[in-house]
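Everything below concerns the one structure shown next.
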Number of protein chains: 2
Amino acid sequence: MVMSVDSDVLKALADPLRIQILTLLAQEALCTTHLVEETGARQTNLSNHLKILRDAGLVDTEPCGRFTYYSLRPDALEAVAAEFAELAATAREAAAENRKRSC
Amino acid sequence: MVMSVDSDVLKALADPLRIQILTLLAQEALCTTHLVEETGARQTNLSNHLKILRDAGLVDTEPCGRFTYYSLRPDALEAVAAEFAELAATAREAAAENRKRSC
DNA sequence: CTAACGTATCAGCCCATGGTGATGTCAGTC
DNA sequence: GACTGACATCACCATGGGCTGATACGTTAG
């Protein structure tokens, strides 16, 4: 089974502020202003992070007047979760059979 | 529900070579020499990456004479998978109820 | 129309991190 | 004991990425 975890997605997930953003967006859709209030980060900084999350396919954007609502894409996270779960399952199998390449 | 994904674990996962290492270790336990053959990376480089994976609790080491066997820790990956799955579930719920903070 | 606001983009700084060669350490071999 | 091989550690360099201030763009309010 091929491990096809998108490296960009993982890089996008490997940042505390971005995880905080995702956690907030999991609760409800928010626009940048809300995220500025919640995280205390600057608008420019958040805009950068949101671009990374959007490019990675982790969040969706919905323009609403001059606001932009961001929401989390469950399928993207589920795909990551599934691939790690499968990798873990493979490892459990290998461990149960004590598979070990000889030197 | 608190999102407690360990940042170090995610950072450890956010590297293509380390993902390749984990994928190889999921199949069977290997020592550094095997990983050098499989990945084509230098021994020093691999040793660095393996230290990161070990510090993150993603792999186990088992000394065997002058060799060191590395194996993947399924529970660590399962924990990550579970947290992402839960975050995704929360987001699905929020989307179903169309939760959106007003501006 | 003009002003104010929400958001995106740009250029730059700085630090974290990946890669490397040199070296150290420990186990097994002669 | 001397040597070789497996692995870890160190110092160094180069690149990438996060943060920032300045600025541009589009939308709504007055």
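Throughout, a chain's letter reflects where its sequence line sits, starting with A, and its residues are numbered from 1. All heavy atoms count here, side chains included; hydrogens, waters and symmetry mates do not.
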What contact category does [X] fall into here, base, sugar-phosphate, or nothing, at under 4.0 angstrom with non-hydrogen atoms?
X	result
B:Ile52	sugar-phosphate
A:Thr32	sugar-phosphate
A:Ser47	base
A:Tyr70	sugar-phosphate

Pair B:Glu97 + B:Arg92: basic N to acidic O under 4.0 Å
no
Are A:Glu28 and B:Lys100 ion-paired here, with the side-chain N under 4.0 Å from a carboxylate O?
no
What is the distance, to the nearest angstrom, from the [atom1] atom on [X] to the [atom2] atom on [N]?
X	N	atom1	atom2	result
A:Asp55	D:dG16	CG	C1'	16 Å
A:Lys11	C:dA16	NZ	C1'	12 Å
A:Leu17	C:dA16	CG	C1'	16 Å
B:Lys51	D:dT9	NZ	P	5 Å
B:Leu13	C:dT17	CG	C1'	16 Å
A:Leu35	C:dA8	CG	C1'	15 Å
B:Leu46	C:dG19	CG	P	9 Å
B:Leu30	D:dC7	CG	C1'	15 Å

The test is side chain to side chain contact (heavy atoms under 4.5 Å, CB included); show your working for B:Leu13 and B:Leu53 and say whether it passes.
CA-CA 8 Å; B:Leu13 291 171; B:Leu53 291 173; 5.6 Å; no
Taking 4.0 Å as the cut-off, does a side-chain nitrogen or oxygen of [X] come that near to OP1 or OP2 on [N]?
X	N	result
B:Asn45	C:dG19	yes
A:His49	D:dC19	yes
A:Thr44	D:dC19	no

Of the options [options], whose atoms approach the side-chain atoms of [X] most closely?
X	options	result
A:Cys31	C:dA8, D:dC7, C:dT7	C:dT7
B:Arg66	C:dA8, D:dG17, C:dA27	C:dA27
A:Asn48	C:dG6, D:dT20, D:dA8	D:dT20
A:Phe67	D:dC7, D:dT9, C:dG6	C:dG6

Contact check, side chains of A:Glu38 and B:Arg101, non-hydrogen atoms, under 4.5 Å:
yes
Is the closest side-chain heavy-atom distance between B:Leu46 and B:Val36 below 4.5 Å?
yes
Presence of donor-acceptor pair under 3.5 Å, side chain of A:Gln43 and base of C:dA8:
yes
Looking only at non-hydrogen atoms, find the nearest pair between B:Tyr70 and B:Leu25 and report the distance.
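Shortest heavy-atom separation between B:Tyr70 and B:Leu25 comes out as O-CD2, 3.3 Å.
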Taking for each residue the nucleotide of DNA chain D with the nearest heavy atom, is it A:Ala14 or A:Arg42 whose nucleotide lies nearer the 5' end?
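First, find each residue's nearest nucleotide; the 5'-ward one identifies A:Ala14.
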Closest-nucleotide ordering on DNA chain D, the 5'-leading residue of A:Cys64 and A:Asp15:
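Upstream on the strand: A:Asp15.
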